[in-house]
Number of protein chains: 2
Amino acid sequence: MANIKEIARIAGVSVTTVSRVLNNHPYVSDIKRAAVLNTIEQLNYSRNMNAVHLITGRTGAIAVILPYINLYYFSIVMDGLAHEALNAQYRLILCQSNYAAEEELKVLEMLRNKEIDGVVIVSTALQPEVIEEYTDYGPVITCQDSGERRFSSVYIEHYEAFWDGLQYLSSKGYRKIGYCEGRQNGSSASIRQSAFRAFLSERNLPFREEWMVYDCMTEEDGAGVALSLLDMQDRPEVLIITGDHVAAGLIIEARKHGLRIPEDLAVMGFDNQPIGRLLDITTIDNHLYDMGAAAFRIIHEQIRTGSRVPVHRKLDYEIIERGTV
Amino acid sequence: MANIKEIARIAGVSVTTVSRVLNNHPYVSDIKRAAVLNTIEQLNYSRNMNAVHLITGRTGAIAVILPYINLYYFSIVMDGLAHEALNAQYRLILCQSNYAAEEELKVLEMLRNKEIDGVVIVSTALQPEVIEEYTDYGPVITCQDSGERRFSSVYIEHYEAFWDGLQYLSSKGYRKIGYCEGRQNGSSASIRQSAFRAFLSERNLPFREEWMVYDCMTEEDGAGVALSLLDMQDRPEVLIITGDHVAAGLIIEARKHGLRIPEDLAVMGFDNQPIGRLLDITTIDNHLYDMGAAAFRIIHEQIRTGSRVPVHRKLDYEIIERGTV
DNA sequence: GCTTGCTATGGAATCCATTTCATATATTAC
DNA sequence: GTAATATATGAAATGGATTCCATAGCAAGC
């Protein structure tokens, strides 16, 4: 396969000139430019980008760490990231980690090895301190609030959002509030839980362990919760559920068994998913697409400018009032 | 930043020996190995992978072309790909193309530029002939039946699957069959359409243009179809819909308006999505996860062995009988 | 007429690891 | 005791681009 040396030889110029043509540098005469272009065409030449990456120290690629690509939450964030990456002519390397720390570490090692220019961590099993050890090698951004760290972040205030949601329910007159949480893994789960407890305690509302459901991640899990509620002596009046798809599972199953929503059981979801729109589920939209897009723009800017000053961007959330509360 | 030359100098060995240690080659004495390892540790050395990629001509990365990552169909295929990639220690570069041909071409150019070792095309706007032009540069696999091409494929026989689905409906006594198709873009859409027409014609079943809906992609689109059916004088008895989420939108909206499923309107979906399980939608499962996994395994094998002989693997589908037919 | 600045070009150094080849010693085989 | 093989090591070539530096012609400014 041809290389620039050969192009140079055949076109009768130096490799420098070939490189200039390749990179649209000025200071190449029209005649030589044409000769180079012509030779490139003739030899069906294409650049070996690995050589370019080696000499420039950049790769034009950013890695994305997330646990499961087929969950709505993550696929939307990824959509936002991918859209911006396409605009910026950047490539995204997807690491679906299943929350395996050693896989996530491998990605951070790629940053160290200069295989990538930056890392976007959408959700992780790693401690912030571990991530900080890699900030010398390139920009890193997380999609959760990690406090004042040496890496950037975009996040919504889960505490505040959850609190606001509870306040909304409270304002509607509900006192007996239950709560279905998704994976316990992420940091946001525990933040929401503390918001939940603090709110109940401040408002003097009843806390019942049987109204709490953990690791409630799928539609089927939601349906299971509906079934368990049927047997319950003292049911919550409303459930706040982190994920509209889970809420949908619950609502559909509950209705099958004659429960009226919201009269017998009100439901508030999260994420503003299509299925939630369809079932008219009241929800908190935390603007996942925007989160992905913002994450990309921030890290891209940091790569471009070489700035290593961490940026922390707080994003809006939005309570969407619909028919299940 | 340190390189192997410096490691070699400080450890008092040659760069060759350092490279051997790095790559676990035999024929390094324990003493020198320890010295090298020690120096690596001390200097906090890490390999510049771009140099490795340049000299070896491999990158350990495969690109994936798909139009939208946040559609169930694609996110499941991606899940299958990502799972296998993790096992094989390969990296996936995601190109969310929105069916923009020039973006898809850029990815194929990456293959030419040696930035990646192979390309998985889940769905594309490109003609097979265009893809074939790149098969000299590395293995390519598509997730659709493209006939006997110079690139590999994994696919389900959409014609056969669709025909089977129609036969199933027919066996249940339905004669008036409608059809909601997703994006017109993919090649599979037109295959299904010809299966549909051929089936109706063979069985002497009525074809009505108003029972056909095209570009029906979202839950809301499904709901829209339900509304339009309400006004219809002569309604189909059953709808076959390419996507359970669309079917779900239709079913939920139809029920709101008093239509009984399947008595007033039967529905058959596609993809065996969670929402379909929840709503008990009869569906055709075309094993998307397996498709992604198989695609990866095939292309990975081709990269490993250097074989350029295209592989064509046909996958199973499965009619899942539930309550909407 | 001399300095300054712009355009145009190429030589050579650089990025960093892998791998071939050559060489040397140690061990095993018969 | 000699031939054959296994182990151990390093020098140098290799992969393919970018970029710094040096050089030179030519126009403009005063």
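Remember, predicted model here, so these are calculated numbers, not experimental data. Chain naming here is simple, since letters A, B, ... match the order of the sequence lines and numbering starts at 1 in each.
The separation between A/R33 atom CZ and C/dA8 atom P is 9 Å, rounded to whole Å. As rounded to whole Å, 12 Å separates atom C1' of D/dA11 from atom NZ of B/K5. Straight-line distance from the CD1 atom of B/I7 to the P atom of D/dG10: 15 Å, rounded to whole Å. The distance between atom CZ of B/R58 and atom P of D/dG16, rounded to the nearest whole Å, is 16 Å. Distance A/N48 CG to C/dC15 P: 19 Å, rounded to the nearest Å. Atom-to-atom, CG of B/N50 to P of C/dA17 comes out at 11 Å; the value is rounded to the nearest Å. The CG atom of B/D30 sits 9 Å away from the P atom of D/dT9 (whole-angstrom rounding).
Salt bridge annotation for B/K106-B/E109: absent, with no cationic side-chain nitrogen under 4.0 angstrom from a carboxylate oxygen.
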* Sugar-phosphate atoms are those with a prime plus P, OP1 and OP2; base atoms are the rest. Using that split, label each nucleotide of nucleotides 18-27 of chain D B, S or - for protein heavy atoms under 4.0 Å, 5' to 3'. => BBB-------
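Not one side-chain nitrogen or oxygen of A/Y27 sits closer than 4.0 Å to the OP1 or OP2 atom of C/dA8. For the OP1/OP2 pair of C/dA8 and a distance below 4.0 Å, the side-chain nitrogens and oxygens of A/S29 include no atom meeting the criterion.
Crowding of B/D30 atom CG: a count of heavy atoms from other residues, nucleotides or ligands under 6.0 Å not exceeding 12. Atom NE2 of A/H83 sits in a sparse spot, with 12 or fewer heavy atoms from other residues, nucleotides or ligands closer than 6.0 Å. Around the CD atom of A/E41, the shell of radius 6.0 Å holds no more than 12 heavy atoms that belong to other residues, nucleotides or ligands.
Between A/L54 and A/S14, it is A/S14 whose nearest contact on DNA chain C lies nearer the 5' terminus.
Checking side-chain atoms of B/E115 against main-chain N and O of A/N50 turns up no donor-acceptor pair under 3.5 Å. Judged purely by atom type and a 3.5 angstrom limit, B/D79 has no side-chain atom pairing as donor or acceptor with the backbone of A/N70. In terms of modelled atom types and a separation under 3.5 Å, the side chain of B/T135 and the main chain of B/E132 share a donor-acceptor contact.
The nucleotide whose nearest atom lies closest to any side-chain atom of B/V28 is, among C/dT9, D/dT9, C/dA17, D/dT9.
Residues that satisfy the ring-ring contact (aromatic ring centres under 6.0 Å, His included) test with A/H300, not counting sequence neighbours, are A/Y90, A/F296.
Under the side chain to side chain donor-acceptor pair (under 3.5 Å) rule, B/S152 has a single partner from B/R313, B/Q302, B/H312, which is B/Q302.
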* Asked: Once Watson-Crick and G-U wobble pairs under 3.5 Å are found, how is DNA chain D written in dot-bracket notation, 5' to 3', with | for any base paired to another strand?
  -> ||||||||||||||||||||||||||||||
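Nucleic acid contact for A/K32: sugar-phosphate only, since backbone atoms but no base atoms lie under 4.0 Å from a heavy atom of the residue.
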